[in-house]
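Let me begin by presenting the structure, written as structure tokens, before commenting on it.
Only this structure's heavy atoms are used, side chains among them; waters, hydrogens and symmetry mates stay out. Start at 1 with the first residue, then count along the sequence.
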Amino acid sequence: MRQILSMVWAEVVAVASSLGLFGVFITSLIGSASIIFPIPAFALVITAGTVFNPVVVGVVAGLGSAIGELTGYGVGYGIRRAKHRLRKENKLERKLEKEEKKWDKTFRGYFHRKLGFVLIVLFAVTPLPDDIIGVFCGLVHYDVKRFFVATLIGKTVQGIVLAYIGLLGTGLFFSLF
């Protein structure tokens, strides 16, 4: 059993080595950019942590993931613009629009000033569905630069943790078998 596991692990490490850090970047970018179909890019980050410096792997994976998360933001922003276009064509909803603007202004102000940055980092670090928070931030027109920085911080921390799990967990795993 140990020989089979060693052979499989050697192949996985060979793939991670051949892809290199650019492969980690591209895989993380594509994995985060896919909103509907989740791509498990974390597996390559864990494996790459055994081959390369885990901090470098985490930073590269975090950058790729943060750029990929901008697709969710873009979807939310596009939905918001489409909603406003449709509202302009329908004049019967003026009263509803005024009430919604009051609520929207209050909520957006609170989200932008107090809750937004921390919530984005929290969703990016944990396995919570961060695509949802990206779409939401686009809908409420959260500052894209702040969204990117918060996502970059969270995804970098997540990437470093995953890379260290790969580095430390592999030795522990093979010592048990």
I need the [X] [atom1] to [Y] [atom2] distance, nearest 0.5 Å.
| X | Y | atom1 | atom2 | answer |
| --- | --- | --- | --- | --- |
| Asn53 | Tyr164 | CG | OH | 6.0 Å |
| Ile26 | Leu21 | CD1 | CG | 12.0 Å |
| Glu69 | Leu29 | CD | CG | 10.0 Å |
| Asp130 | Leu119 | CG | CG | 11.0 Å |
| Leu152 | Lys145 | CG | NZ | 15.0 Å |

Could you see if Ile133 belongs to whatever hydrophobic cluster contains Val118? Use Ile, Leu, Val, Met, Phe, Trp, Tyr and a side-chain cutoff under 4.5 Å. no

For [X] and [Y], work out which heavy atoms get closest and say how close.
| X | Y | value |
| --- | --- | --- |
| Leu139 | Arg80 | O-NH1, 2.7 Å |
| Ala41 | Thr27 | CB-O, 3.4 Å |
| Ala163 | Pro54 | CB-O, 3.5 Å |
| Val45 | Ser28 | CG2-OG, 4.0 Å |
| Ala124 | Lys155 | O-CD, 3.7 Å |
| Asp131 | Ser34 | OD2-O, 3.7 Å |

Run the side chain to side chain contact (heavy atoms under 4.5 Å, CB included) test against [X] and tell me which residues pass, sequence neighbours left out.
| X | result |
| --- | --- |
| Leu70 | Val144, Phe147, Phe148 |
| Ile132 | Pro129 |
| Val125 | Val121, Val157 |

Going by the side chain to side chain donor-acceptor pair (under 3.5 Å) test, which pairs reach into residues 116-127, not counting sequence neighbours? none

State, with a plain yes or no, whether a side-chain heavy atom of Thr156 is found less than 4.5 Å away from one of Ile160. yes

Tyr142 side chain vs Phe117 backbone, donor-acceptor pair below 3.5 Å: yes

Is a side-chain N or O of Thr71 found less than 3.5 angstrom from the main chain of Gly68, in a donor-acceptor match? yes

Looking at residues at least two apart in the chain, or sitting in another chain, which of them share a side-chain hydrogen bond (donor to acceptor under 3.5 Å, both in side chains) with Thr151? none

The criterion is ring pair (Phe, Tyr, Trp, His ring centres under 6.0 Å); which residues satisfy it with Phe123, sequence neighbours excluded? none

